[in-house]
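Reminder, nothing fancy here: chain letters follow the sequence lines and each chain counts from 1.
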Number of protein chains: 2
Amino acid sequence: MTRPRTRIQQKNSETILEAALEVFSTYGFRGATLDQIAEVAGLSKPNLLYYFPSKEAMHQALLERLLDTWLDPLREMDEAGDPVAEILAYVRRKIELSRDYPRESRLFANEILQGAPRMREAIEGDLKRLVDEKAAVMIRWMDQGRIARLPPHHLIFSVWALTQHYADFDMQVRAVLGPDHDPFSEAGDYLEALFRKLLAV
Amino acid sequence: MTRPRTRIQQKNSETILEAALEVFSTYGFRGATLDQIAEVAGLSKPNLLYYFPSKEAMHQALLERLLDTWLDPLREMDEAGDPVAEILAYVRRKIELSRDYPRESRLFANEILQGAPRMREAIEGDLKRLVDEKAAVMIRWMDQGRIARLPPHHLIFSVWALTQHYADFDMQVRAVLGPDHDPFSEAGDYLEALFRKLLAV
DNA sequence: GTCTATAAGCTGATAGAC
DNA sequence: GTCTATCAGCTTATAGAC
């Protein structure tokens, strides 16, 4: 149900996607069951299938809205701005995504871990195009001597790895840090220091 | 079957664990099926269950051997050595693990993503203890002014995040880089440069 | 729109022949 | 040790009453 018409349809579709996100992000597509999603949503299983034609369709709906959310922070990186400030702002937005949308991060991680069977096109298309474009921006910044010369694709991978780690491995991070820690706030400070040093010419 | 006695038992147990690793690392515990494992192993499903009492037992056997492999590189970090060299050697060993044992990395990632239901004790026990111990070593290095002052736990998280990313998100890394790239070799050089800059006093 | 009932196929595990 | 046959329970999806 891509475009629900009534308010009740809108609301139920949202409830279902919210529950589906919870379950798919934890167990992956294959490991998730409609029973679990129905229980989390507080709806009957046939009712789920009244709003979405299949389990696949629920997952697909989640993935479709995911990619844009996921790439927006990188899209906002502006060649006209100050290079270090732009990259640090990108890192900050990504850490905020990890903090505020950890389930989306884990849904994405699950999909890539499995070899992206339902996202391959988007990865090889939109995502690659955007990364190549922003890598070119970074190369120009390096040519102008405004940030250190580094392989731009790997620089972008670092931002992804370091920020998404705090969402995807949240359980481990909290277990290792122990209580009385705010992982995301500490990560924000630490990653700002890391990228400042890394980018300094 | 923790201790197989005959050669044929030994060999079949290994074949099964090898196949189980392949399937569990891709689909997670819940998403993997004995049918898949049996097909990859080239054995019948009842034969799998002759060697291991249950699906759980296969997964457990994989996790048990995993943690040691996973922590060994950090264990080898020696307080008596040169701090920067020791940390760079740690990063190098971790990148080699990602290159040579990507399925083990993904098995671990799957387990943590799901909240570590079958590994919680090891994470909160052995793993946390080792990390705390090595964090203390790093603090002493920092106190001696031999590396930059940074939050040691987050420094270790960075090593994990940056190195494991190349195994866990391999599909995405290769899609973005395109052909004619050796992700692990490039990552080795890049991460050495990154940590040199980060640790410089 | 939502429910109960149920179909059809899959999944983990066992029985028993060889 | 390995196989075929099979069970009980689960899982996705549909039918049809309300």
Test item: R146(A) side-chain N/O and D82(A) main-chain N/O as donor-acceptor pair under 3.5 Å: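 Between the backbone of D82(A) and the side chain of R146(A) there is no qualifying donor-acceptor contact (under 3.5 Å).
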Sugar-phosphate, base or nothing in reach of L43(A), heavy atoms under 4.0 Å: nothing
Sugar-phosphate, base or nothing in reach of A32(B), heavy atoms under 4.0 Å: sugar-phosphate
Measure [atom1]/[X] against [atom2]/[N] and give the value in whole Å, please.
| X | N | atom1 | atom2 | answer |
| --- | --- | --- | --- | --- |
| L48(A) | dT2(C) | CG | P | 11 Å |
| Y27(A) | dT12(D) | OH | P | 14 Å |
| K11(B) | dG1(D) | NZ | P | 13 Å |
| F29(A) | dT11(D) | CZ | P | 14 Å |
| D35(B) | dC10(D) | CG | C1' | 14 Å |
| N12(A) | dT2(C) | CG | C1' | 10 Å |

Got a sec, which residues hit salt bridge (charged side-chain N to carboxylate O under 4.0 Å, His left out) with [X], two or more places apart in sequence or on another chain?
| X | result |
| --- | --- |
| D100(A) | none |
| K197(A) | none |
| E133(A) | none |

Would you tell me if any nitrogen or oxygen in the side chain of [X] comes within less than 4.0 Å of OP1 or OP2 on [N]?
| X | N | result |
| --- | --- | --- |
| N47(B) | dC3(D) | yes |
| T6(A) | dG1(C) | yes |
| S44(A) | dT2(C) | no |
| Y50(B) | dT2(D) | no |

Ring pair (Phe, Tyr, Trp, His ring centres under 6.0 Å) against F169(A), all qualifying residues, sequence neighbours excluded: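 Ring pair (Phe, Tyr, Trp, His ring centres under 6.0 Å) list for F169(A), sorted by chain: H165(A).
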As a test of reading the structure: which of [options] is closest to the side chain of [X], going by heavy atoms?
| X | options | answer |
| --- | --- | --- |
| R30(A) | dT11(C), dT2(D), dG1(C) | dT11(C) |
| Y51(A) | dG1(C), dG1(D), dT11(C) | dG1(C) |
| T33(A) | dG1(C), dC3(D), dT12(D) | dT12(D) |

Any protein N or O atoms within reach of nucleotides 13-18 of chain C? Criterion: under 3.5 Å, listing atom names and distances.
{"residue": "dA13(C)", "atom": "OP2", "partner": "K55(B)", "partner atom": "N", "Å": "2.8"}

Inter- and intrachain pairs under side-chain hydrogen bond (donor to acceptor under 3.5 Å, both in side chains), touching residues 108-119 of chain A, at least two apart: E56(A)-R118(A)
Greater than 12 external heavy atoms within 6.0 Å of E121(A)'s CD: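 At most 12 heavy atoms, drawn from other residues, nucleotides or ligands, come within 6.0 Å of this atom.
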